[in-house]
Amino acid sequence: MDHPRVRVRFAPSPTGFLHIGGLRTALYNELLAKQQGGDFILRVEDTDRERFVEGGIENVCQSLRDCGVEPNEGVWLDGNGAIVERGDAGPYIQSKRKKLHSAYAQRLIKMNKAYYCFCTTERLQKLRQDMHAAGKPTMYDGKCRDLLANEAQKRVDEGEHHVIRLKLPKKGKIKIWDIIRDDIDFDWVFIDDQIIIKSDGYPTYHLAATCDDHDMKISHVIRGEEWLPSTPKHLFIYEAFGWTPPKFAHLPLLLNSDHSKLSKRQGDVAVTDYLAKGYLPEVLINFVALLGWNPTADQEIYTHDDLISLFDLAKVNKSGAVFNLEKLNWMNEHYLRKIPEERYFELTLPFIEGKTGDREFAERCLRLVRDRIQKPSEVEKLTAYFFEDQFDFSKVRLPWKTQTQKKAYARLQSICEPIKNADDALFRTSVSLETFIKKLIDQNGWSNGDTLWPLRVALSGREKSPTPFELLWVYGKKRSLKRLHDAIMSLSTSMTDDGNPFILPS
RNA sequence: GGCCCCUUCGUCUAUCGGUCAGGACAGCGGCUUUUCAAGCCGUUAAGAGGGGUUCGACUCCCCUAGGGGCUACCA
C-alpha cells in the first residue's frame, strides 16, 4: 500500500553550510512535491551534538530561501531570521524527538529486533584492528547479541554504559527497490548490527531518519547515493514495525574534476559562497538541476517552473556528475544578459559604490561592460579606468601601427573641435556617435585605423577596450574632451621624432 | 580487504533494439573589425574491453577492467 500523498523531505545535518550537492537534493525533493501537489518538508538532523555548528540551521534555511527552494512544512526562518517550525508532524528538529526515538528502540528490543550492547569503544577498536589485520571484513562480532534479556536489563538498570544495536538477520538476502536504480540485492551476512542508540542516549541516523520518515508520512526518500548501502537496515526497521516503507531514490554524487566526491579542497562547495560571488540563484538552480538529469535533448535554460513540470525522478542518471565551473560561468553570463536592466544595476552597482556621484554615468559604465562579465563582481575591474583621473600614456601606444606621434597628435586635435561643437543630443547613444565620427573620417579622407585607434586609446588609456563610440557615450562630452586633452598633452611632451613646436589646444 | 553502485565526446547530457549517435560548455577555425570582448557561422571529439542474445545492439545478459560510495557510539 503506497502513501496516498506525496510528502518528501530534505534532511540536512547542521554541521556547517548548505552544500551545493545538498541544494540539488533539496531541489529534486521540492520539484517532486510541487509537481505532485505534495509537501516539501525541512527536517534538521542534529542528533550528533559533537558536530553541531552554531548558525548551521540558519545558513541552510537562508540558502534555501535565497534560491527559492522553499519548504512548506518543517523548520524555517521567520521574518526576523529566527528558527521556527510549522506543520502538524513536528517537532522537525530531530534532537527534540529523542524520547520518541528511544521508545521505538525499546519496542525493537521487546520484539527481539534490537539488543543492548555493553562493548567498550576500546574493545570495538581492537576488534576492528584484529579483523583488518586478518584480512577479514570489519564487523561487530555479536558478543552482546545473545545476552539474556533480563540480564541485559539488569546491567542497564545498574547504570552500565551501553548502546542499542539492531539485531539483523545473519543469513538470507534482502531486495531493495530504487526508483533510479531498480532492484538491488544485499546479503544479510555482510551487514553489520547497526548501533541505533548511542551511549549518550541519542539515536543514530538510521533509527532517527527511519522513524521520523514514518511518523511524518514521507512517501519518497530522495537522498544521496552514499545512503544506498545502509538502506537494508532502514528497511529492516520498517518491516519490524510493520510499516509501509517509502519509495527510495538515491541520487548520483556530485564530483570534483578528478572524479572524487565534491569537496571543499578543490573549490567552493557552499551555496553561500556562490551567491556571494554573484552567481544568480536561478542560475544555481538551473545548473544544479541539470547535474544528473536533463529533460530534453537540446535545451539548457530552464526556469524553476519548467523544472517543476518536467521533473522525472525515474530519468535521473545513475552515475556521478562532475561539477563543471566553466559551464556554470557560461550560464551565469547568459542569465546576466537576459535579466531586466534594473536588476542588473542592483546586482552590480554595489561593486562600484563610491566611485562616482553621478548615477547616470555609473549606469552607463555598467551597461557598457554588461556583455563582458560572467559575474557581477567583475564590473569593478572592467570599469575601473572610467573613474581614473589621469591615464599613464607612457605605457601604451597612442599612434596606430606606423602612424607617427605627430600625426596622431594632429588627428586627435582635429577630432576635438567637432566634438566640442557638437550638440549634447549627439551623446545620447553610441550609435549616433559612431555615425558622427565615421562621417568625420569620411569627410576628411582619413582612415579608420589611424583615427579610431588613437581616439580609443586616448579615451581608455589602454590598447584593448570597447569601441571609441561606446567610450564617448559613457563619458559624455565633458569627460571625453578631458581625456582627449590629456592624450594630446602627453603626445606633445613625449614627442621626440619631430622638432616642431606644438601648440596645445585650448 | 569486504559489500554495493556506476561506465556515451575533455565536461554536463540526449538516445529507452534499427539515428550520418543529437545538444550544451570548453577547444579549434572563420566572418566582422581600430583593439579586446561579444555576436554569427563552421569544426575537432564519444558508446571502457571481451564474450553472448538478436536479422540487427550504445541500448538486454555475463565476464574483465577502471572509477566511486559504504564499511563510525558522523550524517
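All values derive from a computational prediction rather than experimental measurement. Computation of the quantities below employed the complete heavy-atom set of this structure, encompassing side-chain atoms and omitting hydrogens, waters and symmetry-equivalent molecules. Throughout, a chain's letter reflects where its sequence line sits, starting with A, and its residues are numbered from 1.
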Point to revise | Summary of ring-ring contact (aromatic ring centres under 6.0 Å, His included) pairs that have at least one residue in residues 429-464 of chain A, sequence neighbours excluded | key: A:Trp400-A:Trp453
Point to revise | Phosphate OP1/OP2 of B:rU34 contacted by A:Asn448 side-chain N/O (<4.0 Å) | key: yes
Check your understanding: Is the A:Phe248-A:Trp227 ring centre distance short of 6.0 angstrom?
Key -> no
**Study point:** Integer angstrom distance from the P of B:rU13 to that of B:rA72
**Key:** 31 Å
Check your understanding: Given that both distances must come in under 3.5 Å, which nucleotide forms a Watson-Crick or G-U wobble pair with B:rG1?
Key -> B:rU71
Exercise for review: Under 4.0 Å between any heavy atoms, over every strand shown, what does A:Pro454 touch: base, sugar-phosphate, or nothing? Just pick one.
Suggested key: nothing
Review point. Choosing from B:rC4, B:rU34, B:rC12, which nucleotide comes nearest the side chain of A:Phe469?
Key: B:rU34
Check your understanding: Is there a side-chain polar atom (N or O) of A:Lys327 under 4.0 Å from OP1 or OP2 of B:rU13?
Key -> no
Exercise for review: Could you check A:Asp185 against A:Asn294 and say which one's nearest nucleotide on RNA chain B is further toward the 5' end?
Suggested key: A:Asp185
Point to revise | Closest listed nucleotide, where the reference is the side chain of A:Leu228 and the choices are B:rU34, B:rA24, B:rC4 | key: B:rC4
Check your understanding: With ring centroids as reference points, do A:Phe40 and A:Phe10 lie under 6.0 angstrom apart?
Key -> no
Practice item. Starting from P on B:rU11, measure out to CG on A:Leu290 and report it in whole angstrom. Key: 17 Å
Practice item. Rounded to whole angstrom, note down the C1' distance from B:rU64 over to B:rU7. Key: 13 Å
Exercise for review: Let me know the distance between CZ of A:Phe190 and C1' of B:rG1, rounded to the nearest Å.
Suggested key: 12 Å
Practice item. For nucleotides B:rG50 and B:rC9, find the distance between their C1' atoms and express it as a whole number of Å. Key: 23 Å
Point to revise | Rounded distance in Å between the P positions of B:rU32 and B:rA45 | key: 27 Å
Review point. Contact class for A:Glu463 (heavy atom, under 4.0 Å): base, sugar-phosphate, or nothing?
Key: base
**Study point:** Distance-only polar pair, side chains of A:Tyr475 and A:Arg483, donor-acceptor under 3.5 Å
**Key:** yes
Revision key, fill the gap. note: A:Glu326, atom CD; B:rC25, atom P; distance rounded to Å ~ 12 Å
**Study point:** Contact letters for nucleotides 62-75 of chain B, in which S counts primed atoms plus P, OP1 and OP2 and B counts the base, heavy atoms under 4.0 Å
**Key:** ------SBSSSBBB
Check your understanding: Atom CZ of A:Phe323 and atom P of B:rU13: how far apart are they, to the nearest Å?
Key -> 12 Å
Review point. If we take the C1' atom in both B:rU34 and B:rC41, what is their distance in whole Å?
Key: 23 Å
Review point. Taking atom C1' in both B:rG67 and B:rU19, what distance in whole Å separates the two?
Key: 30 Å
Review point. A:Phe186 near the nucleic acid: base, sugar-phosphate alone, or nothing, with a heavy-atom cut-off under 4.0 Å?
Key: sugar-phosphate
Review point. With no hydrogens and no angle check, is any side-chain donor or acceptor of A:Arg97 less than 3.5 Å from a backbone partner on A:Ala208?
Key: no
**Study point:** Pair of N/O donor and acceptor under 3.5 Å linking B:rG23 base with A:Gln299 side chain
**Key:** no
Check your understanding: Taking the same atom, P, in B:rC3 and in B:rG22, what whole-Å distance lies between them?
Key -> 40 Å
Check your understanding: So what does A:Gly224 touch, heavy atoms closer than 4.0 Å: a base, only the sugar-phosphate, or nothing?
Key -> nothing
Point to revise | Whichever of A:Asp183 and A:Pro252 has its nearest RNA chain B nucleotide further upstream toward 5' | key: A:Asp183
Practice item. Would you please confirm or rule out a distance under 4.0 Å between OP1 or OP2 of B:rU34 and any side-chain N or O of A:Trp453? Key: no
Study note, to complete from the structure: In whole angstroms, the gap separating P of B:rG1 from CG of A:Asp130 amounts to 20 Å
Review point. Under the salt bridge (charged side-chain N to carboxylate O under 4.0 Å, His left out) criterion, do A:Lys318 and A:Asp178 qualify, and how do the steps go?
Key: CA-CA 11 Å; A:Lys318 297 176 182 71; A:Asp178 184 280; over 6 Å; no
Study note, to complete from the structure: Here the distance between atom P of B:rU33 and atom CZ of A:Arg456, to the nearest Å, is 16 Å
Check your understanding: Does CD belonging to A:Glu54 count more than 12 external heavy atoms closer than 6.0 Å?
Key -> no
Check your understanding: Hey, does A:Phe52 reach any base, or is it just sugar-phosphate, or nothing, if we go heavy atoms under 4.0 Å?
Key -> nothing
Point to revise | Between B:rA37 (C1') and A:Ile373 (CD1): distance, integer Å | key: 13 Å
Review point. Now, which nucleotide makes the Watson-Crick or G-U wobble pair with B:rA24, with each of the two distances under 3.5 Å?
Key: B:rU11
Study note, to complete from the structure: Across every strand shown, the nucleotide meeting Watson-Crick or G-U wobble geometry with B:rC40 (both distances under 3.5 Å) is B:rG30
Exercise for review: Check whether the ring centres of A:Phe323 and A:Tyr274 lie less than 6.0 Å apart, and answer yes or no.
Suggested key: yes
Exercise for review: May I ask you to decide if A:Arg337's main-chain N or O and A:Asp371's side chain share a donor-acceptor pair within less than 3.5 Å?
Suggested key: no
Review point. Between B:rC6 and B:rU43, how far is it from one C1' atom to the other, in whole Å?
Key: 32 Å
Exercise for review: Give a yes/no answer on whether the side chain of A:Asn324 brings an N or O atom under 4.0 Å of OP1 or OP2 in B:rU13.
Suggested key: no
Review point. Base, sugar-phosphate, or nothing for A:Asn317, non-hydrogen atoms under 4.0 angstrom?
Key: sugar-phosphate
Check your understanding: Looking just at side-chain N and O atoms, do A:Asp306 and A:Thr303 make a donor-acceptor pair shorter than 3.5 Å?
Key -> yes
Review point. What integer distance in Å separates A:Gln374:CD from B:rC25:P?
Key: 12 Å
